[in-house]
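Take a look at the structure below.
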Amino acid sequence: MSADRLPYIAMVDCNNFYVSCERVFQPVLEGLPVVVLSNNDGCIISRSNEAKALGIPMGAPAHKLQHFFAAHGVRVFSSNYALYGDMSARVQDILSRFSPRLEAYSIDECFLDIGELSLERAHALAQEMRKTVGQWTGIPVCVGIARTKTLAKIANRVAKKTPEKNGVCVLESPAEITTTLQSIDIGDVWGIGRRSADKLRARSVRTAYDLTRRTQDWVRDMLTVCGLRTMLELRGIPCIELEQVAPPAQSVSCSRSFGQRVTSLEALEEAITSYVQRAGEKLRRKGLVAQVVQLVIQTNRFADDPQYFGKGQAALPTPSAFTPDILTAALQILRKIYRPGFLYQKAGVVLLELCPENQRQCTFSDFLHNDERKEQKRLMQAMDAANQRFGRGSLQFASAGLGAKDWHMRQQQLSKKFTTSWAELPTAK
DNA sequence: TCTGGGGTCCTAGGACCC
DNA sequence: TCTGGGGTCCTAGGACCC
């Protein structure tokens, strides 16, 4: 197969995804500057074009921009992942009609292998994708097409930034690829982060094109094999495969910043209990059991207060997805790593050494406790079902505490659960 | 009042083994 | 002058992604 007979890879990316999701259900936001905040209403993670035009930077701490928001009529939303996840699934479902060879790369991006097509057909198909996703979901998308994933990412970027392209860019001819790569800053290449970009610039590699001019050995020495793959992909040689099936998870975690600083062991126990419950839910939903529990508690690194970063881990007696098992281990670790006198700002739990529940190694003790384990499973199923039906936290463990807590995250601008809760649907008049 | 959360992979270096 | 050397496993740290 010659290089120009490689299948086309399309990268479909939703524009300003979280903001677009909010707008679908509140069309009045169209044309206005809109931003969506991270968990805990911490920093800005999605901006409408109008918000970008006002110069609001990605990742900026929201609390420093309160006055700016008010002065410019910026609409502000807490992040609503139930809504975004649901919209994401709809977009993916539509795209899968265009090609079954699809990789859901992130909540707002898909790679598709669209096979061998003429240039004209590729353009037409991309426009068809935009139109269909737009009409069926209300989410605007851009499409970039090329022979490798890294080039498709760049094509997508060009599609998004060049209005004349009408949301679609196909990178095909060598001349066009060269001109485009010369215009792409090295730091904007997929796979080149800030550290690597600084290193490369210090050695006169300033654009994507500059990188392609270096030897493979040079790139490998500078950036390891990952960077080498990126460089080869820029040259049009596919090195990063389409992952149609998500590889099995290596870890499941839940961590949060607190609404206010926390000092007491009791408050940390409550927070950890609630995070373990959430991590357990995720684990069970994937049909996995965990063998190792890791815990982190930390102070606010931006503050002048004394700093502490506590971390510990423990193996479970037997691989488990039973929340009380995980909780026992987590609370033991917490008591070990807790130091009084610090203002804690964040805590998290990570579950590691995962394996599918039905492939768990059975010990003799498992055999003895088989009935007990079945009971535990039924209990968790009942609990997860109740929490799904009546809302997260409806049914929880007593050590999570009751009532409003300092550690609960702030979510002051949350939109309604338009797609996932009947109770929130507008009533017909 | 006050700066997200959830992931993955690679590498170097030490421990250990034969 | 010459101190064995190579494989494997584990871990911490770093880098990346959205």
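Sequence lines set the chain letters: A, B, ... in the order given, protein chains first and strands last, and positions in each chain run from 1. No hydrogens, no waters, no symmetry mates; every other heavy atom, side chains included, goes into these values. Quick caveat, the model's predicted, so the values are computed rather than measured.
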Quick check on A:Lys52: does its NZ atom have over 12 non-hydrogen neighbours (other residues, nucleotides or ligands) under 6.0 Å away? yes
Would you mind reading off the distance between [X] atom [atom1] and [N] atom [atom2], rounded to a whole angstrom?
X        : N      : atom1 : atom2 : answer
A:Leu352 : C:dA12 : CG    : P     : 12 Å
A:Lys311 : C:dG13 : NZ    : P     : 8 Å
A:Tyr105 : B:dC9  : OH    : P     : 12 Å
A:Glu353 : C:dT11 : CD    : C1'   : 12 Å
A:Asn40  : B:dG4  : CG    : P     : 8 Å
A:Leu200 : C:dC16 : CG    : P     : 9 Å
A:Tyr84  : B:dG4  : OH    : C1'   : 13 Å
A:Arg47  : C:dC18 : CZ    : P     : 14 Å

For [N], take OP1 and OP2 only and decide whether either is under 4.0 Å from a side-chain N or O of [X].
X        : N      : answer
A:Arg229 : B:dC9  : no
A:Lys346 : B:dG6  : no
A:Lys282 : B:dG6  : yes
A:Ser79  : B:dG5  : no
A:Ser253 : B:dG7  : yes
A:Asn300 : B:dC2  : no
A:Ser196 : C:dC16 : yes

Comparing nearest nucleotides in DNA chain B, the 5'-proximal residue of the pair A:Pro247, A:Phe302 is A:Phe302
Of A:Thr224 and A:Ala249, the one whose nearest nucleotide on DNA chain B sits closer to the 5' end is A:Ala249
Take atom C1' in C:dG4 and the same atom in B:dC16, then report the distance between them in whole Å. 15 Å
Side chains of A:Gln182 and A:Thr207: is there a donor and an acceptor less than 3.5 Å apart? no
Check whether the side chains of A:Arg75 and A:Ser48 place a donor and an acceptor atom closer than 3.5 Å, and report yes or no. no
Heavy atoms only, 4.0 Å cut-off, all strands: where does [X] land among base, sugar-phosphate and nothing?
X        : answer
A:Gln345 : sugar-phosphate
A:Leu223 : nothing
A:Val225 : sugar-phosphate
A:Val349 : nothing
A:Glu109 : sugar-phosphate
A:Lys153 : sugar-phosphate
A:Asp41  : nothing

What orientation do A:Tyr105 and A:Trp190 show, parallel under 30°, tilted 30 to 60°, or perpendicular over 60°? perpendicular
Classify the ring geometry between A:Phe258 and A:Tyr275 as parallel (under 30°), tilted (30 to 60°) or perpendicular (over 60°). parallel
Which of these, A:Val74, A:Asn16, A:Val19, sits in a side-chain contact (heavy atoms from CB on, under 4.5 Å) with A:Val35? A:Val74
Heavy atoms from C-beta onward define the side chain here; which of [options] lies closest to that of [X]?
X        : options              : result
A:Arg261 : B:dG6, B:dC9, B:dT3  : B:dT3
A:Arg256 : C:dC17, B:dT3, B:dG5 : B:dG5
A:Asn39  : B:dT8, B:dT3, B:dG5  : B:dG5
A:Arg195 : B:dG4, B:dT3, C:dA15 : C:dA15
A:Gln250 : B:dG4, C:dC18, B:dC9 : B:dC9

Does B:dC18 pair with anything, Watson-Crick or G-U wobble, both distances under 3.5 Å, and if so, with which nucleotide? C:dG5
From A:Ile94 atom CD1 to A:Gln135 atom CD, the distance as rounded to the nearest 0.5 Å: 10.0 Å
